[in-house]
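Inspection log for the structure reproduced underneath, given as structure tokens.
In what follows, chains are A, B, ... by sequence order, proteins preceding strands, each numbered from 1. Reckoned from all heavy atoms, side chains included, excluding hydrogens, waters and symmetry mates. All values reported here derive from a predicted model rather than from experimental measurement.
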Amino acid sequence: MRWSQTLIPTMKENPSDAEIPSHRLMIRAGLIRQLMAGAYTYLPLGWKSIRKAEAIIREEMDRAGAVELHMPALQPIELFERTGRREAFGNVLINFPIRRGNQEGQYALGPTHEEVITDLVSKLVSSYRQLPFTMYQIQTKFRNEERPRFGVLRTSEFQMKDAYSFSATVEQLDTAYDAMYDAYCRIFARCGLEYLPVEAESGPIGGDASHEFMIPSGNGEDSIFRCPSCQYAANMERADTGRAANITEVADADMQALEEVATPKAGTIDQVTKSMGCDATDLIKTLIYDVDGETVAVLLRGDHEANEGKIRRALDANSVELADNATIEEVTGAPVGFAGPKGLSIKMIADHDVPSVNPAVIGANKADAHFKNVYLGRDYELPTDAVGKPVTHDLRNAEPGDGCPKCEGTLERVHGIEVGHVFKLGTKYSESLDANFADEKEQRHPIIMGCYGIGVNRIIAGIAETRHDDNGIDWPLSLAPFEVDIIPLKVDDEEVMQAAESLYDSLKSQGVDVILDDRPARPGVKFKDSELIGFPLRVVIGGRGLAEGNMEVKWRSDEEPTMIPVAEVEVRVLEMLVDKRAEEAGQVP
RNA sequence: CGGGAUGUAGCGCAGCUUGGUAGCGCGCUUCACUGGGGGUGAAGAGGUCGCAGGUUCAAAUCCUGUCAUCCCGACCA
């Protein structure tokens, strides 16, 4: 490509709306432009990189045995009603009526394609002999994000590779899952990303059923907990905090008298600690939940955050949500904010750390009052096991400093950008959409599914976010919009231009992805743009070099260029690219 | 949806407090010089100051409403 024939609107200054590096750099390098909140045009350079990422994804999907298909983005709303996801997605699902003749139907733009593909498979598969298989597609997905942000990291329209596996047995599912997991590792490695597979919410299958692929980055939206001493890494919803009750024993003789303290209008942890001059860690907070219709009190240390997924698992429940105010007032006899375990008659479960708050400050189940010097056993009870120890659960979000569940280490928190997710779905969709198969005994079963997604745009944004310096983006060769940037320093110098054209033609004919900066601009402008966009290999051709019979070749990461005799440049560039590709391939597991 | 901020030329910004001919830098056009790290000089083009209403002789500036974008939070199958 000749620079003069494409559109590369680079910018010297930072756009005022862009804050994080990936957003700033992608705009400044002329990769993207914004249309509106959460919607970006990919300009020629940005789209080239997207296409390169897609090509890598396709190669690895094919290699892992998945087959590509293409489904409509426009989908009948009825499918989402059958799986219950019209309600689950809520406002995120973009849907609208369309009139055709005198018929009006409601349609959705696919936020993902479980419904469509399961419906398809339900019509085409009837026997275990047709299973297993995995299919994938790459297409635009639509989600009405309540708050698009971080430039291209969170948009309402994005390229997604979504794959779905269909199996007759759990073993087949495990095989498909492992194949996708391995493919993802290869994909992200080939894309030059530092990635971290983390355990994620496991859903109905349980166990090791879901992993998110994260790019560790300070600007990532997700919190990841990982252990520096072992391989354990999990997202915040999933990370285990401990396995046993943490009990502070207090002898009866040392217990201080229970005391009721007036705490007017102090209904939050913050207000109570201020009002009573204590720490959040001295409090036990009592959250009233509606769990499958039953009202349950959940006890946590004051500074901890409830994790509804863990509560759901601990109680083996389907739905967990905070009770409404009326229920709370009825159960506790006090307005919201003054609940406490003393004298509470509903079912109670406590986090592992609750018995360590001894004595504790708790709500008095009475407006504007709390108790202090509250002791487990004396003032309130928890369920106990056979030997009388309190039974507690892991009910809260992990925090930095929590013990690693796998070893003796301590968890640390890092932020990450989620670029991929692999998930053992089980039979949720096959059951609701009647995708069944007959086994060898003519027994009908729902097909066991897995789903596997990659956010293609996030791969590109992840590169810009994590691989850049003061001058611009540092692309891996595999994704760079062009591999080689040829810079003739003076385009009206015939000798220079002829040498540049000749090298350009021969590299192009050898399959090198090369751009010729044929703009009549000053050298400084071309150098700056080259580094801002981040072309990996740069060849500079100037009168001075040519007079000595040389061209100058430099990797973006090199400090100094290498002078290479004109006659050898083509061969050397080809060699350098081969070596670099091999080097990058060496990172792939 | 709650909180905060910003809308003036393609981009970055000043002007607004105290109403009175719309400005600066970059970029763009033409010419000359220059020619290895975002050049110099000269001459130009380009803006109904987000939009609507109001106050006023007069509004970028004051008032009301509205829209858009960004940030924090809530939400995120």
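Contacts with RNA chain B (heavy atom under 4.0 Å) in residues 542-554 of chain A: A:Gly542, A:Arg544, A:Gly545, A:Glu552, listed by number.
Pairing for B:G19 is absent, judged as Watson-Crick or G-U wobble with the two contacts each under 3.5 Å. Searching all strands for a Watson-Crick or G-U wobble partner of B:U40 with both distances below 3.5 Å returns B:A32. B:A9 is unpaired under the criterion used here, namely a Watson-Crick or G-U wobble arrangement in which both key atom distances are under 3.5 Å. Base pairing of B:G27 is not made with any nucleotide, judged by Watson-Crick or G-U wobble geometry with both donor-acceptor distances under 3.5 Å. A 3.5 Å limit on both hydrogen-bonding distances identifies no Watson-Crick or G-U partner for B:A58. B:G73 and B:C1 make up a base pair, with Watson-Crick or G-U wobble contacts both under 3.5 Å. Taking a pair to require two hydrogen-bonding distances under 3.5 Å in either a Watson-Crick or a G-U wobble arrangement, B:U64 pairs with B:A52.
Comparing B:U48 with B:A60, their C1' atoms sit 12 Å apart, to the nearest whole Å. Between B:C62 and B:G2, the distance separating the two P atoms is 26 Å to the nearest Å. For the C1' atom pair drawn from B:G15 and B:A9, the interatomic distance equals 15 Å after rounding to whole Å. The gap from the C1' atom of B:C26 to that of B:A45 amounts to 16 Å, rounded to the nearest Å. For the P atoms, the distance linking B:U40 with B:A5 amounts to 39 Å, nearest Å. Comparing the C1' positions of B:G47 and B:U21 gives an interatomic distance of 15 Å, to the nearest angstrom. Nucleotides B:G38 and B:C63 place their C1' atoms 45 Å apart, quoted to the nearest Å. Nucleotides B:C31 and B:G37, compared at atom P, are 25 Å apart to the nearest Å.
Taking A:Pro44 as the reference, A:Thr6 meet the side-chain contact (heavy atoms from CB on, under 4.5 Å) condition, with sequence neighbours excluded.
Nucleic acid contact for A:Asn14: sugar-phosphate only, since backbone atoms but no base atoms lie under 4.0 Å from a heavy atom of the residue. Within 4.0 Å (heavy atoms only), A:Arg86 reaches no atom of the nucleic acid at all. Counting non-hydrogen atoms under 4.0 angstrom, A:Pro9 reaches nothing in the nucleic acid. A:Arg519 comes within contact range of no nucleotide atom at all, as no heavy-atom separation falls under 4.0 Å. Using a 4.0 Å heavy-atom distance criterion, A:Val525 is classed as a base contact.
Put simply, CG on A:Asp517 is 14 Å from C1' on B:G36, counting in whole angstrom units. If you measure from atom NZ of A:Lys528 to atom P of B:G36, you get 16 Å, rounded to the nearest angstrom. The interatomic distance linking A:Met11 (CE) with B:A9 (P) rounds to 14 Å, in whole Å. Nucleotide B:G36 holds its C1' atom 10 Å from the CZ atom of A:Arg538, rounded to whole Å. Atom CD1 in A:Ile487 sits roughly 14 Å away from atom P in B:G36 (whole-Å rounding). In this structure, CG of A:Asp470 is placed 16 Å from P of B:G38, rounded to the nearest angstrom. In this entry the distance linking CD of A:Glu559 with P of B:G37 reads 17 Å, nearest Å. If you measure from atom CZ of A:Arg522 to atom C1' of B:G38, you get 10 Å, rounded to the nearest angstrom.
Sequence neighbours left out, the pairs with a member in residues 2-14 of chain A that pass salt bridge (charged side-chain N to carboxylate O under 4.0 Å, His left out) are A:Arg2-A:Glu501. Judged as a ring-ring contact (aromatic ring centres under 6.0 Å, His included), not a single pair has a partner in residues 135-154 of chain A (not counting sequence neighbours). Residue pairs satisfying the salt bridge (charged side-chain N to carboxylate O under 4.0 Å, His left out) criterion with at least one member in residues 481-500 of chain A, sequence neighbours excluded, are listed as follows: A:Glu483-A:Arg581.
The residues A:Glu114 and A:Lys428 are annotated as not salt-bridged, no charged nitrogen and carboxylate oxygen being separated by less than 4.0 angstrom. Salt bridge present: A:Arg538 and A:Glu531 bring a charged side-chain N and a carboxylate O closer than 4.0 Å.
Map A:Pro520 and A:Pro15 each onto its nearest nucleotide of RNA chain B; the residue landing nearer the 5' end is A:Pro15. Remark on RNA chain B: of its neighbouring residues A:Met160 and A:Lys12, the 5'-side contact belongs to A:Lys12, judged by nearest-heavy-atom nucleotide.
Here the closest non-hydrogen pair linking A:Leu45 and A:Ala29 is CD1-O, 4.1 Å.
A:Asp303 and A:Thr281 share no side-chain donor-acceptor pair at under 3.5 Å. Side-chain contact of A:Ser4 with A:Asp518: a donor-acceptor pair under 3.5 Å is present, judged by distance alone. For the residue pair A:Gln159 / A:Thr140, a side-chain donor-acceptor distance below 3.5 Å is found, with atom types taken as modelled.
Listed nucleotides: B:G37, B:G38, B:G12. Nearest to the side chain of A:Glu531: B:G37.
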Could you write nucleotides 68-73 of chain B as a row of B, S and -, 5' to 3', where a protein heavy atom under 4.0 Å of any base atom gives B, of only sugar-phosphate atoms gives S, and otherwise -? -SSBBB

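The side-chain heavy atoms of A:Asp474 and A:Asp469, taken from C-beta on, include no pair separated by under 4.5 Å.
Less than 6.0 angstrom separates the ring centroid of A:Tyr181 from the ring centroid of A:Phe213.
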